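In what follows, every heavy atom counts, from backbone to side chain, and hydrogens, waters and symmetry copies are set aside. Just so we're on the same page: letters track the sequence lines, and every chain starts at 1. Since this is a predicted model, take the numbers as computed values, not measurements.
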There are 2 protein chains.
Amino acid sequence: MVTYSERVANAGVDKFSRRREELATSALETLAERGYANTGLRDIAQRSEFSHGVLHYYFQDKNDLIQHCVRQYKSECATQYDDIVATSQTADELDERFCAAMADTLRDEASMHRLWYDLRNQSMFQAELTPVIQEIDGLLERMIWTIVTRYAELRGRDPVVDSPLAYAMYDGMFEQALGAFLTGDLSALDAVAANCGRILRLIVP
Amino acid sequence: MVTYSERVANAGVDKFSRRREELATSALETLAERGYANTGLRDIAQRSEFSHGVLHYYFQDKNDLIQHCVRQYKSECATQYDDIVATSQTADELDERFCAAMADTLRDEASMHRLWYDLRNQSMFQAELTPVIQEIDGLLERMIWTIVTRYAELRGRDPVVDSPLAYAMYDGMFEQALGAFLTGDLSALDAVAANCGRILRLIVP
DNA sequence: GAGAATTCTTGACAAGTGTCCAGTAGGATG
DNA sequence: CATCCTACTGGACACTTGTCAAGAATTCTC
């Protein structure tokens, strides 16, 4: 009898961990569509090509699966704006490309962002989720701060707020735009781009 | 046979609607403690002095109950800062009292705020909730805007951002502080007060 | 190709979900 | 006292939930 823990221990970049990713992807899609509260393991399995029992073969329990999902979500976000920061030559170019990218991700990945907010919120009620959520939240904060400091550098000034507050402002603004966009308000796309720049110039005057 | 709709129609400020409020209060407490995803009608009834069946006597279904809860929550928030705005004599006094009040509500009503974010998020997956959520969101936005414009008035200046963006910035900042506070980070109380003032001076330079 | 290990399916489990309804207690009305 | 209506109980319903284990199917090893 090979226990679950032993399977995890032996898992390199082999078939086992590849299938885990595959299942986590199905889970992410289902969660993004239906929300945490309305998604069961059978819903997730149905979207994959396997039956529901297999989820307990690859994951310890539902919590383990969710945490794996969040971690996998991370890798999609991590390097999203690195290229823009690295290749923009002027402050205005950085500003413009950053704003456009924010509007694009709102349009193209709205339900994934919705899931992120859902899970982050869920972590306020379910302490087991806190570590992995904080991990990604820190990552997003650093992402924003990288843009802000690079923008300040290009303009030869200093930001007038610190990293957490800068992130919080962008986060609140984006969440608001997401809510509007999901109710069918297409002007939220323009709004997010405009507000993106406004905040930037507010932070780096 | 008296149907549910007829009971609603006849409901003035009588025993019927008072009991509805009572049950909605029990529901709010339970939801704030356990979260939307982990709260059943039996959990709610258990916190009240009635059995679970009575919930369908006073509410059409779970959704009806939730919406009633949100509306009831509203009335607690509506006039929260009106007094501060009305009685503050100087910009500095308004600033200081506003910051202190934000820190207080974070400390004293953390789980209620947590529930608010939970339900607002749930409305992104459950369209029936959208109207009542937007209603309160607009109320909160107006609350913030009242403070900002009064502060600007006292300082003889104009805000440099519009109402939605001002609200979004405060909202993001408060949500961040709430998350930190719920993990036991008591410094979030000071942070929210400090950031409150920072945003104010950012918006009204 | 036989045997062993891994991978996956299927059905079952106890518990929990929202909903509904027959029935009861109790007070008001006739 | 009898009748009616309101308020409430508690059990039953159909269904879903996470979890698990026995066994089948597949893949790997020799």
J.: A:L55 CG to D:dT17 P: how many Å, rounded?
T.: 13 Å
J.: For atom CD of A:E22, decide whether the heavy atoms of other residues, nucleotides or ligands shown that lie under 6.0 angstrom number more than 12.
T.: yes
J.: Considering only heavy atoms from C-beta outward, does the side chain of B:L65 approach that of B:L41 to under 4.5 Å?
T.: yes
J.: Rounded to whole angstrom units, what separation is found between the NZ atom of A:K15 and the P atom of D:dC28?
T.: 6 Å
J.: Hey, which sits more toward the 5' end of DNA chain C by its nearest nucleotide, A:F50 or A:R42?
T.: A:F50
J.: Taking the side chain of A:Y57 as its heavy atoms from C-beta onward, which of D:dT9, C:dT19, C:dT7 lies nearest to it?
T.: C:dT7
J.: In whole angstrom, give the distance that lies between atom CG of B:N38 and atom C1' of C:dA15.
T.: 15 Å
J.: May I have the distance from B:Y58 (atom OH) to C:dT19 (atom P), rounded to whole angstrom?
T.: 18 Å
J.: Is the A:F98 ring parallel, tilted or perpendicular to the A:Y81 ring (thresholds 30°, 60°)?
T.: perpendicular
J.: As a test of reading the structure: which of C:dT7, D:dA7, D:dC20 is closest to the side chain of A:H52, going by heavy atoms?
T.: D:dC20
J.: I'd like to know if B:R18 pairs up with B:E21 as an ion pair, taking the criterion as any Lys NZ or Arg NE/NH1/NH2 lying under 4.0 Å from an Asp or Glu carboxylate oxygen.
T.: no
J.: Please give, in whole Å, the distance from C:dT19 P to B:K62 NZ?
T.: 8 Å
J.: What nucleic acid atoms does A:G40 come within less than 4.0 Å of, heavy atoms only: base, sugar-phosphate, or nothing?
T.: sugar-phosphate
J.: What is the separation between atom CG on B:L41 and atom C1' on D:dT9, rounded to the nearest whole Å?
T.: 16 Å
J.: With heavy atoms under 4.0 Å as the rule, sort A:D43 into base, sugar-phosphate or nothing.
T.: sugar-phosphate
J.: Provide, to the nearest angstrom, the distance between the CG atom belonging to A:D61 and the C1' atom belonging to D:dT19.
T.: 9 Å
J.: Could you tell me the separation between the NE2 atom of A:H56 and the P atom of C:dG11, rounded to a whole number of Å?
T.: 19 Å
